[in-house]
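In what follows, a single structure is set out as structure tokens and then discussed.
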Amino acid sequence: MKSTKGRGRSRQGRAKADSRPAFGCGADLVVFRTGSEEGVKFAAAELARYLAQVSGREVACQWRRRYDPGPGLWVGVAPHLEGAVPLDLLAAADVLDDALFADVSGNAGVISGSNGRSVLFAVYRYLEALGCRWFRPGKDGEFVPRLRALPRGRIRMLERPSARHRCVCIEGACSIRHVRDMIDYAARRGFNAYFLQFRNAYTFFERWYGRENPNGRIDFTTAAAARAWDRAKAEARRRGLLLHTVGHGWTCEPFGISGLEWAPTKQRIPPPVIRHLARIDGHRGLYQGMPLNTNLCYSSPQVRRIMAAAVADYAGEHPDEGLIHVWLADGTNNQCECDRCCSARPSDFYVQILNQIDALLTARRLATRIVFLAYVDLLWAPRAEKIANPDRFILMFAPITRSFTAPLLTAGGRCRKPAGRLPPYRRNRLVFPSGTEDNLRFLDQWRRSFAGACVDFDFHLMFDPTWDPSGMEIVPVLHRDLRNLPALEMDGYISAQRTRIAFPTGVAMHVMGRTLWNAKAGYQGLVDSYFRDLFGAAGDDVYRYLTRLGRLSMAAVLRG
């Protein structure tokens, strides 16, 4: 669906590094950039490019060593704009923290932030104040107004996001263009990170190029995946976004077993490696033939050493990947049944591995953060082991079996200790909960042993869109869950979602980004403004139609 605003969309302008006359204020319009931080150069170029489209004329973009008050829009991190920005309010305690600032009147002012990506966020917020809109990923998902002059009134904002972690995770079937467009859109919606799963995201690119490509399927290779991976990383870096990487694969790749996708392998596994694999029903081998779904004999000190060393080596080789996910195998009820492994929960051995990783990273003076997860068998928290250095780690709660018919918290957004007892841990005989109350009991148990940073890794936009042609039924649940993150003592959200998720509209992603930025944002105001901006006078009618379509489709019944 195309925006009714798009009919009046301005023609493309040009942004060049010169000082030709601009519009509206009787003086040249120039974008001045200070500093060379990641994100700042891109932010200045984006500002000049969009102002050129808004005006239909060329806009200069120039670099300056230091700030000099006067006509022009100055773009840079706070320390480079001293005297023009509130340095104390923009100070960031951690590389994960964001804050933005803008103070512009007409053709003069400053646009700044606590880091490069925050400067980019501030540029997009300023452009939104001018009337720009981004309705969905891709060039055809934006609206750029045509203005005769920049507003003479003062545009001022100073903001910090409600959630520290705001991340989109690659999933589904996607081309590099789809991923690039999503990264671009994520930055415009204030997401501060992108998660490229595995070591080259092969499976997601192969699903597109090798199976769904409308231009014809190709034999997609790991080398092609590596090139796509590098391009995606470059797109995130140039915007200053944080990179999350890997996840599954540590249970196979360090042992010479390829873990590219959720599929059986024809690779021959040598006997010295087989003895490290989980023993199930008296047999050691690949679980259902799938390396990614095969757990290991975690009671083996050698297994733990190999895994920990592999993570530390990877972190040293990839210093630009600031958050590395260390997960065990995917799948369920696939843990080793040897006597030594049965002496403790998988999460106890898991924490031992995590502590070994931390010791190696500390010895190598690497600041990499490690993301570990409470997921399937690992929902049962450790009985004896504890994380030795909580500052290194982020606990990721991943309730994949939950129902999305209701939000995690239903009692007015106030967190209370969930009543009832956890089901006992019965190795390889587990039944996983769908109720939100049951899932929160697992989270509460983990929080008793780990009080560090915690995020929700959730699947609102992964499975449920299949059952709902309107794209509306999941949105209020998503909004409630994101608003309730502080009540759940969570520091943010990682969205495990399809990359192509804007049919019939992009309202879910819009609500996600806005609510993570401002937890107080009301649901109705967010969806009303989105539909009115996208469809103009017909916006309210389209919203009512899609809402009714969602209810009539009985999505809640279909998804269970």
Side-chain angles (χ1 to χ4, degrees), residues 244 246-252 254-255 276 278 294-315 323-364 366-400 422 424-428 430 432 439 441-457 489-491:
H244 292 239
V246 195
H248 294 304
W250 297 113
T251 55
C252 51
F255 300 86
H276 294 316
T294 301
N295 275 299
L296 303 176
C297 188
Y298 299 119
S299 63
S300 164
Q302 186 178 5
V303 164
R304 299 197 298 271
R305 282 197 302 270
I306 292 173
M307 287 184 64
V311 175
D313 290 344
Y314 183 91
L323 298 101
I324 295 176
H325 291 238
V326 178
W327 307 346
L328 300 187
D330 208 355
T332 62
N333 291 319
N334 52 1
Q335 293 290 333
C336 184
E337 296 171 344
C338 77
D339 290 342
R340 290 188 306 175
C341 282
C342 288
S343 67
R345 289 179 177 178
S347 54
D348 280 289
F349 295 119
Y350 185 39
V351 170
Q352 289 183 32
I353 296 169
L354 296 173
N355 284 335
Q356 287 180 260
I357 293 169
D358 172 57
L360 292 172
L361 295 177
T362 300
R364 301 181 193 187
L366 295 174
T368 309
R369 281 182 165 89
I370 300 298
V371 184
F372 70 104
L373 81 170
Y375 172 75
V376 293
D377 294 48
L378 295 175
L379 285 170
W380 280 262
R383 285 176 170 167
E385 302 292 333
K386 286 193 175 183
I387 296 290
N389 177 18
D391 291 342
R392 169 81 67 185
F393 295 95
I394 299 169
L395 168 62
M396 194 173 75
F397 178 57
I400 192 170
L422 284 174
Y425 180 78
R426 300 175 64 237
R427 185 174 296 262
N428 295 345
L430 299 175
F432 301 97
N439 274 286
R441 279 197 286 272
F442 285 104
L443 176 62
D444 178 59
Q445 185 187 58
W446 260 107
R447 297 303 273 161
R448 292 177 187 177
S449 65
F450 179 79
C454 178
V455 298
D456 183 23
F457 182 85
E489 298 180 352
M490 289 186 172
D491 304 298

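FYI, the numbering just counts along the sequence from 1.
When each of H248, H244, R369 is paired with H325, the side chain to side chain donor-acceptor pair (under 3.5 Å) condition holds for H244 and for no other. Evaluated for a side chain to side chain contact (heavy atoms under 4.5 Å, CB included) with L395, the options C454, S449, P390 yield exactly one hit, C454.
Take N333 and apply the side-chain hydrogen bond (donor to acceptor under 3.5 Å, both in side chains) test, not counting sequence neighbours, and it matches no residue. Remark: R340 pairs with no residue by the side-chain hydrogen bond (donor to acceptor under 3.5 Å, both in side chains) rule, at least two apart or across chains. The side chain to side chain contact (heavy atoms under 4.5 Å, CB included) check on A315 picks up I324, L361, L366, T368, with sequence neighbours excluded. The ring pair (Phe, Tyr, Trp, His ring centres under 6.0 Å) check on F457 picks up W327, F459, with sequence neighbours excluded. Listed by chain and number, the residues in a side-chain hydrogen bond (donor to acceptor under 3.5 Å, both in side chains) with Q356 amount to none (sequence neighbours excluded). Qualifying side chain to side chain contact (heavy atoms under 4.5 Å, CB included) partners for R383, counting only residues two or more places apart in sequence or in other chains: R345, D348. For N389, the side chain to side chain contact (heavy atoms under 4.5 Å, CB included) criterion is met by D358, D391, R392, not counting sequence neighbours. For R304, the side-chain hydrogen bond (donor to acceptor under 3.5 Å, both in side chains) partners are Q352, not counting sequence neighbours. Applying the ring pair (Phe, Tyr, Trp, His ring centres under 6.0 Å) criterion to W446, with sequence neighbours excluded, gives F372. Residues satisfying the side chain to side chain contact (heavy atoms under 4.5 Å, CB included) criterion with V303, sequence neighbours excluded, are F255, H276, L296, Y298, S300, M307. Every residue was checked against the ring pair (Phe, Tyr, Trp, His ring centres under 6.0 Å) condition with Y375, not counting sequence neighbours, and none meets it.
Listed for the S347 side chain is a donor-acceptor partner under 3.5 Å among the backbone atoms of W380. Between the side chain of Y350 and the main chain of L373, a donor-acceptor pair closer than 3.5 Å is present.
Across every non-hydrogen atom of C336 and C297, the tightest pair is SG-SG, 3.9 Å. Contact between V351 and I387 at its shortest, heavy atoms only, is CG1-N, 3.8 Å. Of all the heavy atoms in D456 and P399, the pair that sits closest is OD1-CD, 3.9 Å.
Note that CG of D377 and CZ of F432 are 4.5 Å apart. Values are rounded to the nearest 0.5 Å.
Contact annotation: the side chain of C342 never approaches that of Q335 to less than 4.5 Å [non-hydrogen atoms, C-beta and beyond].
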